[in-house]
Amino acid sequence: MVLERDIRDGLLPYLELVEQNVVLRVCAETDENSQKTLDFVNEIAEMSAKVSVEKVALERVPSFAVDRVGESSGIVFAGLPLGHEFTSFVMALVQVSGRPPKVSDKIVQQIKKINRELKFTTYVSLSCHNCPEVVQALNIMAVLNPKISHTMVEGGTFQSEVEAKEIMSVPSVLLNGEEFGGGRMTLEQILHKLGETSVDNSELNSKDPYDVLVVGGGPAGSAAAIYAARKGIRTGLLSETIGGQVLETLGIENIIGTKYTEGPKFMAEVAEHIAEYPVDIISTQRAKSLEKKELLELTLESGAMLKSKTIVIATGARWRSIGVKGEQEFKNKGIAYCPHCDGPLFAGKDVAVIGGGNSGIEAAIDLAGIVNHVTVVEFMPELKADKVLQERLFSLKNVTVVTNAQTKEITGTTKVEGLSFADRVSNEATSIAVQGVFILIGLMPNTEWLDGVLERTKMGEIIVDKRGTTNIPNVFAAGDCTDAPYKQIIISMGSGATAALGAFDYLIRN
């Protein structure tokens with residue numbers, strides 16, 4: 001059996017949701033990966049009378065299409081959709097059978113109106129927790145529109161193809177053979193990128209002023225929106241997508257009362273919680289500037305303006321860059337920030353990890369089990385990671401640690417080929433040959449758009465008091481964009497609740 005018993009047991013209820021007969025059209029030869037693919041599709045077919053298997057010729061070997069009998073859905077899985085992609089397969093199976101995807105009628109109509117051939121290919125790794133959202137979004141588009149097709153390519157099975165196309169980060173999406181995008185993308189963002197959606201500024205400008213407008217959809221912003229809406233006041237939430245930095249987090253074990261969860265799953269549940277309340281969500285939009293007049297006026301990058309009596313800023317943070325030559329040039333071409341997502345693409349290669357804190361050392365430990373060799377480069381004289389992590393790191397034979405080192409340049413031609421750093425005491429320069437550089441040196445708050453508006457620390461963090469109040473009395477802030485000393489999910493959620501309650505108290509008093 002390809003599937004473990006607990007996975008088989010968990011799959012059975014979903015197979016009961018299959019409405020019309022589905023055929024898994026498989027293309028396989030005699031190699032080991034082909035045999036695994038055949039075993040997989042046959043095992044699925046044995047579990048449901050509505051699923052059958054048919055051998056065909058497809059573009060890649062091994063691969064299989066998920067189709068209704070007599071019809072092509074355009075959905076193909078090249079390589080086994082296990083790990084995080086198993087859910088993508090299950091959803092495709094159910095949706096191809098006729099069960100409608102859980103998306104809004106507006107989005108359904110936008111997809112159905114597309115009148116051009118779109119052939120998407122997404123390269124994934126099975127350990128990537130960002131890939132499934134992209135795969136599932138593109139599968140939904142294929143289900144709803146016959147002019148759209150989508151193939152998921154598992155990088156481990158098709159490593160030569162990945163290397164030939166110089167795919168060095170996942171998810172990586174091609175459209176009609178050309179680079180389309182990379183990283184996590186929602187269905188709304190994909191449609192926006194395709195130019196299939198337009199911003200109706202007149203509609204946004206005509207919105208009535210909010211009592212509380214939350215800017216940001218991570219843990220802090222989500223909590224703020226829920227707490228504000230529970231007070232019965234008019235609440236808006238502006239965010240490109242619900243999730244924030246947590247979507248980049250694989251295992252979470254410190255949410256009190258939840259022994260273990262994963263970032264995407266956790267924030268999906270948070271999004272469902274928000275949907276229980278009358279929160280006006282404005283998605284795929286970014287804030288550009290904030291001005292205090294009779295009401296607070298928030299201008300968006302689209303040019304639209306939203307007004308509110310109070311605002312909670314919860315724009316979170318992003319990975320800090322090192323600011324050296326080569327970092328931007330080789331982004332997604334050997335520069336990486338997520339070892340879980342991109343690590344498998346560097347199997348058997350030499351990589352460097354910049355950063356000696358917990359994130360950096362955890363990444364080095366994970367990568368050591370995949371790559372040929374890891375060099376850890378730390379700016380300070382000593383590693384900053386917890387002792388238990390350091391002990392684990394130093395027990396690994398294929399890891400070298402360099403401290404007191406300042407990164408100077410990331411070198412290469414079309415992709416990363418080397419890293420140069422200098423000893424901060426002797427100034428002695430060193431260059432090493434690496435094919436990947438993972439940068440994990442902490443976070444930078446997303447607050448540049450507030451220059452000259454709110455008081456911030458030298459690191460750009462918004463200064464707040466115990467109620468989340470900023471230097472402007474009706475502007476509040478919460479989460480990783482503030483000067484809160486500890487950047488933790490549970491602390492961000494608590495600060496979001498605090499800021500919303502602070503805004504509510506302000507409204508009562510004024």
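These values consider heavy atoms only, across backbone and side chains, with no hydrogens, waters or symmetry-generated copies.
In summary, Arg116 and Glu196 engage in a salt bridge, as defined by a charged side-chain N under 4.0 Å from a carboxylate O. A salt bridge links Asp211 to Lys309: at least one charged side-chain nitrogen sits closer than 4.0 Å to a carboxylate oxygen. Between Lys102 and Glu272, none of the side-chain N atoms (NZ, or NE/NH1/NH2) sits under 4.0 Å from a carboxylate O, so this pair counts as no salt bridge. Look at Lys207 and Asp280 and you find a salt bridge, because one of the NZ, NE, NH1 or NH2 atoms lies within 4.0 Å of a carboxylate O, short of that distance.
Other residues, nucleotides and ligands contribute only 12 or fewer heavy atoms inside 6.0 Å of the OH atom of Tyr227. In this structure, Lys331 places its NZ atom where only 12 or fewer heavy-atom neighbours from other residues, nucleotides or ligands lie under 6.0 Å away. No more than 12 heavy atoms of other residues, nucleotides or ligands shown are found within 6.0 angstrom of OH on Tyr14. Sparse packing is recorded around OH of Tyr486, with 12 or fewer heavy atoms of other residues, nucleotides or ligands lying under 6.0 Å away. No more than 12 heavy atoms of other residues, nucleotides or ligands lie within 6.0 Å of NZ in Lys119, so this atom counts as exposed by the packing criterion. Around NZ of Lys333, the count of heavy atoms belonging to other residues, nucleotides or ligands within 6.0 Å exceeds 12. Within a 6.0 Å radius of NZ in Lys307, other residues, nucleotides and ligands contribute 12 heavy atoms or fewer.
The backbone N or O of Tyr210 sits less than 3.5 Å from a side-chain atom of Ser308, completing a donor-acceptor pair.
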Using the rule given for side chain to side chain donor-acceptor pair (under 3.5 Å), can you reason through Asp67 versus Ser73, listing the C-alpha separation, both sets of side-chain angles and the distance that settles it, and then say yes or no?
CA-CA 5 Å; Asp67 297 327; Ser73 71; 3.2 Å; yes

Does the side chain to side chain donor-acceptor pair (under 3.5 Å) test come out yes or no for Thr241 and Gln189, once each step is laid out?
CA-CA 9 Å; Thr241 183; Gln189 289 170 325; 5.3 Å; no

For Glu85 and Cys131, what are the C-alpha separation, side-chain angles and deciding distance, and is it a side chain to side chain contact (heavy atoms under 4.5 Å, CB included)?
CA-CA 8 Å; Glu85 291 301 343; Cys131 295; 3.2 Å; yes

From CA spacing to verdict: side chain to side chain donor-acceptor pair (under 3.5 Å), Thr315, Asn446:
CA-CA 6 Å; Thr315 46; Asn446 297 313; 5.5 Å; no

Determine, stepwise, if the pair His192 / Met185 fulfils side chain to side chain contact (heavy atoms under 4.5 Å, CB included).
CA-CA 10 Å; His192 185 71; Met185 291 183 287; over 6 Å; no

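In this structure, the side chain to side chain contact (heavy atoms under 4.5 Å, CB included) partners of Glu448, at least two apart in sequence or on a different chain, are Arg318, Met444. With sequence neighbours left out, Asp451 forms a side chain to side chain donor-acceptor pair (under 3.5 Å) with Arg456. For Ala287, the side chain to side chain contact (heavy atoms under 4.5 Å, CB included) test picks out Val215, Leu238, Leu298, Trp449, with sequence neighbours left out. Applying the side chain to side chain donor-acceptor pair (under 3.5 Å) criterion to Gln406, with sequence neighbours excluded, gives no partner residue.
To the nearest 0.5 Å, the span separating CD on Glu16 from CG on Leu12 amounts to 7.0 Å. For the atom pair NZ (Lys487) and CD (Gln245), the distance works out to 12.0 Å, reported to the nearest 0.5 Å. Atoms CZ and CG, on Phe89 and Leu11 in that order, are 7.0 Å from each other to the nearest 0.5 Å. The NZ atom of Lys415 sits 15.5 Å away from atom CD1 of Ile410, with the distance rounded to the nearest 0.5 Å. Atoms NZ and CZ, on Lys325 and Phe330 in that order, are 9.0 Å from each other to the nearest 0.5 Å. Between the CZ atom of Arg184 and the CG atom of Leu247 there is a distance of 4.0 Å, given to the nearest 0.5 Å.
Taking 4.5 Å as the limit, every side-chain heavy atom of Val279 sits out of range of all side-chain heavy atoms of Val214. Using a 4.5 Å cut-off on side-chain heavy atoms (C-beta onward), Phe476 and Val464 make no contact. At a threshold of 4.5 Å between non-hydrogen side-chain atoms, the residues Leu82 and Glu154 do not count as touching. Considering only heavy atoms from C-beta on, Met267 comes within 4.5 Å of Val270 through its side chain. Gln136 has its side chain out of reach of Leu187: every pair of non-hydrogen atoms, C-beta onward, lies at least 4.5 Å apart. Between Glu327 and Val437, the closest side-chain pair of non-hydrogen atoms is not below 4.5 Å. Ile472 places a side-chain heavy atom less than 4.5 Å from the side chain of Asn474. The side-chain heavy atoms of Leu389 and Glu362, taken from C-beta on, include a pair separated by under 4.5 Å.
None of Ile75, Val135, Val124 except one satisfies the side chain to side chain contact (heavy atoms under 4.5 Å, CB included) rule with Ser88; the exception is Val135. Checking Asn201, Thr299, Leu204, Leu300 one by one against Met305, the side chain to side chain contact (heavy atoms under 4.5 Å, CB included) holds for a single residue, Thr299.
Residue Lys193 comes nearest to Phe180 through the heavy atom pair CE-O, 2.5 Å, listed as atom of the first residue, atom of the second, then distance. Taking every heavy atom of both residues into account, Ala317 and Leu443 meet most closely at CB-CB, 3.7 Å. Looking at every heavy atom in both residues, Asp342 comes nearest to Val170 through OD1-N, 2.8 Å. For the pair Cys128 and Cys341, the tightest heavy-atom approach, listed with the atom from each and the gap, is SG-SG, 3.5 Å. Taking each heavy atom of Leu290 and Val453 in turn, the nearest pair found is O-CG2, 3.7 Å. Residues Cys481 and Pro445 share a closest heavy-atom pair of CA-CB, 3.9 Å.
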Review item, side-chain donor-acceptor pairs of residues 90-99, under 3.5 Å, at least two apart:
unit_1, atom_1, unit_2, atom_2, d
Ser97, OG, Glu19, N, 3.0
Ser97, OG, Val94, O, 2.5
Arg99, NE, Leu17, O, 3.3

Taking only distance into account, with no hydrogens and no angle test, what donor-acceptor pairs under 3.5 Å do side-chain atoms of residues 140-151 form with protein atoms, sequence neighbours excluded?
unit_1, atom_1, unit_2, atom_2, d
Asn145, OD1, Lys147, N, 2.8
Asn145, ND2, Ile111, O, 2.8
Asn145, ND2, Ile114, O, 2.9
His150, ND1, Asn139, OD1, 2.7
His150, NE2, Thr122, OG1, 2.8

